[in-house]
Amino acid sequence: MKCQTVLAGTECTFWGKQGCVFPEGSCQTIAENCEGCDRVVTGSIGQVCGAYPAPAKKWIGGICNFATHVKIEIKVDDAKVNPLKASKKAAGAKKKK
Ligand code: SF4
């Protein structure tokens, strides 16, 4: 149903017949870490997240997985592996069993 308070007119899964069913009856304003994210929208209570009602919670365990402004760096091991040798090594390991 469509929100009628913070983001009036926006489709929201938390809006039901009794109003907003999210804890405390409303979504919450963005966290400091959210600044710069494309999902930040302006609602009646200030800046809120268009993807998640409690932005601060998205940062408790690390980087928010919906964030558009922060990229997770994955370190790739530079060690070069010869695919042919790796294949032979794997085949040799199987024979020993
Ligand atoms: S997607 Fe994550 S980082 Fe972006 S506004 Fe929402 S909670 Fe904040």
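In each ligand, atom 1 is the first atom listed, and ligand 1 is the first ligand listed. For the single chain, residues carry numbers from 1 onward in sequence order. Every heavy atom of this structure was used, including side-chain atoms; hydrogens, water molecules and symmetry mates were not.
Excluding waters, the count of protein N/O/S atoms less than 2.8 Å from atom 6 (Fe) of ligand 1 comes to 1.
Judged as a side chain to side chain contact (heavy atoms under 4.5 Å, CB included), and not counting sequence neighbours, the contacts of T10 are L7. Remark: F22 pairs with F14 by the ring pair (Phe, Tyr, Trp, His ring centres under 6.0 Å) rule, at least two apart or across chains. Shown here are the side chain to side chain contact (heavy atoms under 4.5 Å, CB included) partners of T29, two or more places apart in sequence or in another chain: I45.
No continuous path of ILVMFWY side-chain contacts below 4.5 Å connects V21 to M1, so the two sit in separate hydrophobic clusters.
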Could you walk me through whether V6 and W15 pass side-chain contact (heavy atoms from CB on, under 4.5 Å), step by step?
CA-CA 11 Å; V6 178; W15 195 272; over 6 Å; no
Go through I30 and E35 one step at a time and tell me if the side-chain contact (heavy atoms from CB on, under 4.5 Å) criterion holds.
CA-CA 8 Å; I30 58 163; E35 280 167 26; 4.3 Å; yes
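Atoms of ligand 1 found under 4.0 Å from any heavy atom of W59 (numbered from 1 in listed order, with element): 3 (S), 8 (Fe). For ligand 1, the atoms closer than 4.0 angstrom to any heavy atom of H69 are 3 (S).
For the side-chain contact (heavy atoms from CB on, under 4.5 Å) with C64, the lone residue among K57, R39, K58 that qualifies is K58.
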